[in-house]
Amino acid sequence: MPELPEVETMVRGIRPFVEGRRIVSFAKCRCRYRPIAIAPTATAIARRCEGRTIVAVRRRAKRVVLELEGGSAFVIEPRMTGLVLLADPPDRAHLRVEWALEGDQEHNSLWFWDSRGLGTVRLLEPFALEAALGEVRLGPDALEMSESLWRLRCAATARPIKVALLDQKLVAGIGNLYASEILHRARIHPERPADALNRRQVARLAEAVLFILEEAIRYEGSTLSDGTYRNALNQAGSYQNAHRVYDRVGEECRSCGRGSSLRIVQAQRSTFFCPGCQR
DNA sequence: ATTAATGTTCAGAA
DNA sequence: TTTCTGAACATTAA
């Protein structure tokens, strides 16, 4: 389930092969399931992008952005199971979109592959881009948050801190897995109301967000037991081996040595934490 | 054979 | 205003 580190890994993986290349064609793939949600229509997208050069590849929160010459951009949202691939898709049945790239290099196609089909691909004009990616819709990127901004934003809601971390308007890029890992490093109980955190705890939270996300990026993200997440070359990440609490129920906490990971449910999602060190 | 669970986002309700 | 719930979907485990 691509969160910020996985999407950052996708972006870094495709950037050297995609930036500066011209799109020869855009097409929906023959897919065994219902067609992917793309906008506008496939033919309109093709008409607007074919012949254009991809001038930059960047990440915004959990989205991949392919900027085209002229200012429009593809916004790719992998959601649960979407992958952005340069090679070796896991199967053909779930291939959703193909961009053919001009030239004769190592990789001449970029694909969007998505098992569950919840992901989306949109081609947006500049004005719509700001509406889709701007700070009205999405909060500041998790890697851009300052300690003082964390203080302001935490003070503004009484929801449990774990639930608040998943609110993409409060902060963009953190998902269910990394929320648990971040709170464990910060030694904060996931049920603590965000506005009840003291100054020291918010400082630890700000540090933990950067530490955990940057560490996960170095490991190229987490590939869970279902194996869905892969990088641009269909290789697994390795951060799952470094998880402290996520999906480790009953395992002793390596930080405090006096508790083991526990699973609770918050807002209909699993939360994992160590009752020994998270208060 | 059914059912629950998985986690992201958005619309709509409380 | 803020917070919560359900639906979109394929796949796997119980």
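Within every chain, numbering begins at 1; the chains are lettered A, B, ... in the order of the sequence lines, protein sequences first and strands thereafter.
If you measure from atom CG of A:Leu166 to atom P of B:dT6, you get 14 Å, rounded to the nearest angstrom. Rounding to whole angstrom units, NZ of residue A:Lys62 and P of B:dT8 are separated by 4 Å. At whole-Å resolution of the value, CE in A:Met1 and P in C:dA10 are 17 Å apart. Atom CG of A:Leu165 is separated from atom P of B:dT9 by 14 Å (rounded to the nearest Å). A straight line from CD of A:Gln168 to P of B:dC10 spans 9 Å, rounded to a whole angstrom. Here C:dC4 presents its P atom at 11 Å from CG of A:Asp167, a figure rounded to the nearest Å. Rounded to an integer number of Å, the gap from A:Arg159 CZ to C:dT5 C1' is 14 Å. Rounded to a whole Å, the CZ atom of A:Arg116 is 14 Å from the P atom of B:dA5.
A cation-pi arrangement is found for A:Arg185 relative to A:Phe211, the charged atom lying closer than 6.0 Å to the ring centre and inside a 45° cone about the ring normal.
Among the protein residues, A:Ala158 comes within range of the sugar-phosphate backbone only, with heavy atoms under 4.0 Å from sugar or phosphate atoms but none that close to a base. When heavy atoms are screened at a 4.0 angstrom cut-off, A:Met80 is found touching base atoms of the nucleic acid. Among the heavy atoms of the strands lying under 4.0 Å from A:Arg263 are primed sugar atoms or P, OP1, OP2 only; no base atom is included. Within 4.0 Å (heavy atoms only), A:Thr120 reaches no atom of the nucleic acid at all. Using a 4.0 Å heavy-atom distance criterion, A:Gly175 is classed as a sugar-phosphate-only contact.
Taking CD1 of A:Ile23 as the start and CD1 of A:Ile54 as the end, the distance is 4.0 Å to the nearest 0.5 Å.
With respect to the salt-bridge test (charged N to carboxylate O, under 4.0 angstrom), the residues A:Glu215 and A:Arg244 qualify. Between A:Arg48 and A:Glu125 there is a salt bridge, since at least one side-chain N of the basic residue sits less than 4.0 Å from a carboxylate O of the acidic one. Ion pairing of A:Arg159 with A:Asp195 is absent here, as no side-chain N (NZ or NE/NH1/NH2) approaches a carboxylate O to less than 4.0 Å. For A:Glu67 and A:Arg58, the salt-bridge test passes: some basic side-chain N is under 4.0 Å from an acidic carboxylate O.
Rounded to whole Å, the separation between the P atoms of B:dC10 and C:dT11 comes to 24 Å. Rounded to a whole angstrom, the distance from the P atom of B:dG7 to that of C:dT3 is 23 Å.
Of the side-chain N and O atoms in A:Thr81, none sit less than 4.0 angstrom from OP1 or OP2 of C:dC9. Between A:Arg63 and B:dT9 there is a side-chain N or O to OP1 or OP2 distance below 4.0 Å. For A:His94, a side-chain nitrogen or oxygen approaches OP1 or OP2 of C:dT11 to under 4.0 Å. Distances shown here put a side-chain N or O of A:Gln268 below 4.0 Å from the OP1 or OP2 atom of C:dT5. Remark: A:Arg34 is in phosphate contact with C:dC9, judged by side-chain N or O atoms under 4.0 Å from OP1 or OP2. Side-chain N/O atoms of A:Ser115 include none lying less than 4.0 angstrom from OP1 or OP2 on C:dC9. Note on A:Arg269: every side-chain N or O is 4.0 Å or more away from OP1 and OP2 of C:dC4.
Taking a pair as Watson-Crick or G-U wobble with both distances under 3.5 Å, DNA chain B forms stems of 3 or more consecutive pairs at B:2-6 with C:10-14, B:8-14 with C:2-8.
The salt bridge (charged side-chain N to carboxylate O under 4.0 Å, His left out) test with A:Glu8 is passed by exactly one of A:Arg59, A:Arg63, A:Lys62, A:Arg218: A:Arg59.
Taking the centre of each ring, A:Phe273 and A:His184 stay at or above the 6.0 Å mark.
DNA chain B is contacted by both A:Arg137 and A:Leu118; A:Leu118 maps to the nucleotide lying nearer its 5′ end (nearest heavy atom per residue).
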